[in-house]
Each structure stands twice: as structure tokens, then as C-alpha cells.
Colleague: 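What follows is a structure written as C-alpha cells; I'll ask about it next.
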Amino acid sequence: MSDWSSKKITMVAAIIALNVALSYLIHIPVPATSGFVNLVEAGIFIAALRMGPTAGFLVGAFSGALLDLFAGYPQWLLFSFAIHGLEGWIAGLAMRGNLLMKGCSLTIASSFMIIGYYLAGSFLYNWAAGFASIPGNICQCLFGLIVALLCSKALKQQSHS
């Protein structure tokens with residue numbers, strides 16, 4: 001990270017702040033798990049695709065942990081830090097790759113998040129709670145991916161004008 005400019009550090013901090021604010025304000029409750037589906041993946045994928053794995057990790061780790069802290073789920077804080085952080089890092093690995101490489105990276109990153117939260121839910125509660133989180137996490141990844149792709153396209157157009 002020693003080669004990071006103050007502009008890049010500021011961008012990562014701004015994405016974390018925006019990601020937490022939007023994810024906290026715009027979320028869909030999931031009664032089966034007492035949790036919610038939110039926009040956190042959108043910010044993670046945007047940071048990962050635009051700035052690489054380190055930015056993806058930082059945005060994922062801190063966004064996920066802060067969301068759980070603010071939402072009153074401190075038992076999930078370390079799990080979210082690790083799961084969303086590694087999800088962002090994996091997504092960022094194909095930052096400069098072709099479309100197929102980016103698609104594979106985002107699919108692996110999303111799968112990592114879904115499986116990670118299944119395992120975390122199974123550890124914290126039981127296997128049924130972990131299993132109940134799968135549909136919501138699939139929806140969250142798909143929703144985040146769509147928003148990230150739309151925003152990334154708009155950001156790319158803005159940077160070329």
C-alpha cells in the first residue's frame with residue numbers, strides 16, 4: 001500500500017462511507033434469519049473492479065464490519081470483516097482481465113461470500129440458520145453485481161469525458 005496516493009486512499013474511504021450509509025438505509029429484511037439484504041456488494045465490487053484487490057478488501061472488510069456494528073449484530077463483526085474483505089480481494093484479482101476473467105472472479109467472490117455466511121451462521125447458531133441465509137445472500141450478490149456494473153459503466157464514461 002506504500003504506492004497508494006492520497007487520492008486513492010480518499011476514494012476507498014469515501015466508498016466505505018457511502019457503502020455503509022446506503023446499505024444501512026436501503027435494506028430488505030429477511031425474516032428467516034432476522035438479517036437483511038443490502039447493497040454492500042455493490043460498493044465492494046465497484047472498488048475491486050476499479051482499484052484492485054487491496055481496495056476491494058478494504059471496502060469489503062470495513063463496510064461489512066461497520067454495517068454489523070451499526071445494525072446491532074456485533075457477533076457477526078469479525079465474520080463480516082473476513083468474509084466481505086476476502087470477497088473484495090477475490091473480486092479485485094481480475095481487475096485488468098477480460099470480461100470472462102472478471103465474470104469468473106466475481107462468481108468466485110460471490111460464492112465465497114455465500115458459503116462463508118453459511119458456515120458462519122452454522123457456527124454461530126446451527127446448520128438450519130446457515131442454510132436459511134443462502135437465498136438472501138444469493139439475491140444480495142446478484143443485486144450488488146447489477147448495481148456495481150451499472151455504476152462502473154457510468155464511472156467509466158465519466159472518466160473518459
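Start at 1 with the first residue, then count along the sequence. Bear in mind the structure is a predicted one, so any value in this text is a computation, not a measurement.
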Colleague: Specify whether Phe81 and Phe62 have parallel, tilted or perpendicular ring planes, treating 30° as the upper limit for parallel and 60° as the lower limit for perpendicular.
Modeller: perpendicular
Colleague: Classify the ring geometry between Tyr125 and Trp76 as parallel (under 30°), tilted (30 to 60°) or perpendicular (over 60°).
Modeller: tilted
Colleague: With rounding to the nearest 0.5 Å, note down the distance linking CZ in Phe57 to CD1 in Ile44.
Modeller: 11.0 Å
Colleague: Closer than 3.5 angstrom, by distance alone: can the side chain of Ser80 be matched with the main-chain N or O of Ala65 as a donor-acceptor pair?
Modeller: no
Colleague: Could you give the distance from CG (Leu58) to NZ (Lys8), rounded to the nearest 0.5 Å?
Modeller: 10.0 Å
Colleague: Would you compute the distance between atom OG of Ser122 and atom CD1 of Ile115 and round it to the nearest 0.5 angstrom?
Modeller: 11.5 Å
Colleague: Report the residues that fulfil side chain to side chain contact (heavy atoms under 4.5 Å, CB included) with Ala148, sequence neighbours left out, ordered by chain and then residue number.
Modeller: Phe45, Ile46
Colleague: Please enumerate all residues that pass side chain to side chain contact (heavy atoms under 4.5 Å, CB included) together with Ala71, with sequence neighbours excluded.
Modeller: Tyr24, Phe36, Tyr73
Colleague: Could you list the residues that satisfy side chain to side chain contact (heavy atoms under 4.5 Å, CB included) with Ile26, not counting sequence neighbours?
Modeller: Leu22, Leu39
Colleague: Quick one: does Ser105's side chain have a donor or acceptor within less than 3.5 Å of a partner on Ala91's backbone?
Modeller: yes
Colleague: How long is the gap from CG on Leu145 to CD on Gln140, to the nearest 0.5 Å?
Modeller: 12.5 Å
Colleague: Test ring pair (Phe, Tyr, Trp, His ring centres under 6.0 Å) on Tyr117 and His84; report intermediate values, then the result.
Modeller: CA-CA 10 Å; Tyr117 274 107; His84 282 301; 5.3 Å; yes
